[in-house]
Each structure stands twice: as structure tokens, then as C-alpha cells.
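See structure below.
Every chain is numbered from 1, with letters handed out A, B, ... down the list of sequences.
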Protein chains: 2
Amino acid sequence: MQNSEAMALSAALLAVAGDLTQRIHEGVVARGFADLRPVHGFAFTRLAPGGATVTDLAAHLGVTKQAASQLVDEMVRKGYVERRPHPQDARARLVVLTERGWACTRAAEEAAAGVVRAWGDLLGEGEVRLWGERLARIAPHGPIRPAW
Amino acid sequence: MQNSEAMALSAALLAVAGDLTQRIHEGVVARGFADLRPVHGFAFTRLAPGGATVTDLAAHLGVTKQAASQLVDEMVRKGYVERRPHPQDARARLVVLTERGWACTRAAEEAAAGVVRAWGDLLGEGEVRLWGERLARIAPHGPIRPAW
DNA sequence: CTATATAGTCAAGCTGCTTGACCATCATGT
DNA sequence: ACATGATGGTCAAGCAGCTTGACTATATAG
């Protein structure tokens, strides 16, 4: 494969990723969560299972723990998460989703499903399902942050 | 497809996109262009064909023309581009790549080719080639900026 | 020839991140 | 038991990269 082809493929992949991020975000906003940005969604995916510490969150997002702490401050202020004492470690605090946080997480899943469904209409659902498996093999632990 | 599957697929796609961005950037740095960030690469892809105005670049990157102008200032200072008078419009200035800018563009293509080749080793080259076609159908004009 | 639109720049301000310093608590070794 | 270092978290200050607003010069339309 020529270098220029690889570049075109890369550009197409990044365009799809950008489009996906944007559409999920629009879907979340349309469902009534206008005071969030995509980064909050990435945070929610880490917090959802059973909560996480600020340090966990920082590692997940690829930022300093100070930055993660500021993000948590903001989400607390907006009512999406709570800080609770950590059951095993008195230094740490467990950040967990509130009911509003869960509602937003469900909204994001619905929005993502809408986008993926549109892909299925274009390419066939089986095809799209195959993607998921192959993508996971390529970069199972890629950075959550496709930033500049 | 369940919502949670769609979310997992989305996460995998974003992880691959992040991984790709990071690896291309590392490849560019390893080839001797350490004073650039991924955004400069996105700018180069717009400038490469035959140059572009600051306003064109701003639209391509999804930022204000002031921000694009600052980016051009920086790239001029670092020797990657030049501002030339625009042949048809005395208000405008054509931003074009210098020889160093072209060298960096080639380095980015090599790096991208390296990543795509690794995908081919995992999945088969034909499979990867099919991706390119399908990705281009899904979001042919997605934003170049998969930002938060 | 006037009026409006467009290309570009200058200046100021804001947001989200970083670095650095610090305290409280945990874990380890003696 | 207790000293020592590691870890979780916060406070404070600074900065990079972007935005909005204002302005000039040139182009374009009527």
C-alpha cells in the first residue's frame, strides 16, 4: 500500500471518529444535557461501573490529577456526580454517579446506538459488528484522548 | 444491536483513532520534527496541494481565522511554511509549504504507512483496504478535529 | 462611486490544563 | 511500635491556545 493511501485511510478514520464524537455529543445535548462536553462522557464511562477515585480518573483521561479534580468539581456542581468517603482508604474519595449522571450515561448510549444504527443502514449490521471485534484487536488500550 | 454494544464499538473506534494520532505523531517526532503537534499535521494536509489562505485553513481546522493566523505565525517562525502574496487577491496571502514543510509531510506519510502496515499484519491487507472505502462512505466530511 | 462583503491583523480576555507545594493517610521495614 | 517513603487529594499560580471584538485594506456589486 502506498504512503498516500495510508494517509487517506488515516484521514478517513479520523474523520469518522470526529463525526462520531460530535454526533454523540449532539445527541446528549438534545436529550437535555446541554452543560456537558465530550470529555465528561469519557469520564462517565470510567465512573459508571462502581465509581472511581480522582487519580483513577486522571489516568483514564490522560491528564494530571489536579485537572481531573477540577473536572470532578464541575460535575459535582452540575449535579452529575458525588464525592463519597472511600470504604477502604481514608485518604481517597470515591466519585460516583448521581441519578442525573446515570440518566446522562443512558442518553449517551442511546445517541451512540443511533449513530451506529445509521452505519448499519449504510454498510449492513453484520459488517459493522465485525468492525467492533477488529477495532478492539488493533488498539485495545488506545488513549481515550484523540487530542491535537 | 444493544446500546451497550454500540457504546463499546464507539469506544473502540475512538481508541484506535487516538492510537493512530499518537503513533503518527511519534513517528514524525522520531524523524526529526520534534517541534510540532498533531494539529500542524492537519494544517499541512490542507496546505500541501498548492497552498491555502489563512481563512481556508481556519475553516479546515474548525477554528477562528485569528487562531489559524497564530498557527501560521508559529509555523513560519519554525520554518515550515511561508506567506506569499496571493496571485489573484491583494487582500489575501497564500501560505505555502517550504522544503522543510514538505519533508515533514513525507515523514507523516511514512509514519501513517507504518501504522497501517501493522494493521495489515494483524487483519490482512485486503481487509484494511476495504476499511478505507467504507470509512470514506460513512463520514466523508467529518470534522478534522476529534476534540473534547 | 458608493456600499457592502471579505482577508487579514492587533489586542484583550477566558478556559482548561500544567507545574509546584503542601497535608493526610497508607504501607513497609526494622 | 515507629520512622520512612509512597500515595490520594487539594490549593495556588502560571501558561498555551483559543475566543470575541475592533480595525484596516482590498474586492465586488449595484
**Study point:** SB check B:R37 B:E26 (cutoff 4.0 Å)
**Key:** no
Note: for A:Q70 and B:Q70 on DNA chain D, the residue whose nearest nucleotide lies more 5' is A:Q70
Quiz item: Would a distance-only check, ignoring hydrogens and angles, find a side-chain to backbone donor-acceptor pair under 3.5 Å from A:R137 to B:L122?
Solution: yes
5'-most contact on DNA chain C (nearest-nucleotide basis), A:Q66 vs A:Q88, goes to A:Q66
Between CZ of B:R93 and C1' of D:dT24 the distance, given in whole Å, is 14 Å
Between CG of A:L71 and P of C:dT18 the distance, given in whole Å, is 11 Å
Within the side chain of B:T98, is there an N or O that forms a donor-acceptor pair under 3.5 Å with the backbone of B:G79?
-> yes
task: Would you check if the side chain of B:D56 reaches a backbone N or O of B:T53 as a donor-acceptor pair within less than 3.5 Å?
output: yes
Is there a donor-acceptor pair closer than 3.5 Å between any side-chain N or O of B:E5 and the backbone N or O of B:Q2?
-> yes
Here the distance between atom C1' of D:dT7 and atom CG of A:D89, to the nearest Å, is 8 Å
| request: With heavy atoms under 4.0 Å as the rule, sort B:T64 into base, sugar-phosphate or nothing. | output: base
Taken to the nearest whole Å, NE2/A:H40 to C1'/C:dC17 is 13 Å
Rounded to whole Å, CG of B:L57 lies from P of D:dG17 at a distance of 15 Å
*Can you check whether B:F42's main-chain N or O pairs, donor with acceptor, with B:H60's side chain at less than 3.5 Å?*
yes
Check your understanding: Quick one: is D:dT7 close enough that its OP1 or OP2 comes under 4.0 Å of any side-chain N or O from A:T55?
Key -> no
note: B:D73, atom CG; C:dA11, atom P; distance rounded to Å ~ 12 Å
Under 4.0 Å from OP1 or OP2 of D:dT10: is there any side-chain N or O of A:R91 that close?
no
One would report the end-axis bend of the helix from C:dC1-D:dG30 to C:dT30-D:dA1, five pairs per end and rounded to 10 degrees, as 30°
Phosphate OP1/OP2 of D:dA16 contacted by B:R37 side-chain N/O (<4.0 Å): no
message = Does D:dT10 have OP1 or OP2 under 4.0 Å away from a side-chain N or O of A:R83?
response = yes
- Reckon A:A67 touches a base, only the sugar-phosphate, or nothing at all at heavy-atom distances under 4.0 Å? base
Between NZ of B:K65 and P of D:dC18 the distance, given in whole Å, is 17 Å
To the nearest angstrom, the CG-P distance between A:L36 and C:dT15 comes to 17 Å
Tell me if a side-chain donor or acceptor on B:K65 pairs with a main-chain N or O of B:V54 at a distance below 3.5 Å.
no
| task | Considering just the side-chain nitrogens and oxygens of B:S69, establish if one lies under 4.0 Å of OP1 or OP2 belonging to C:dT9. | result | yes
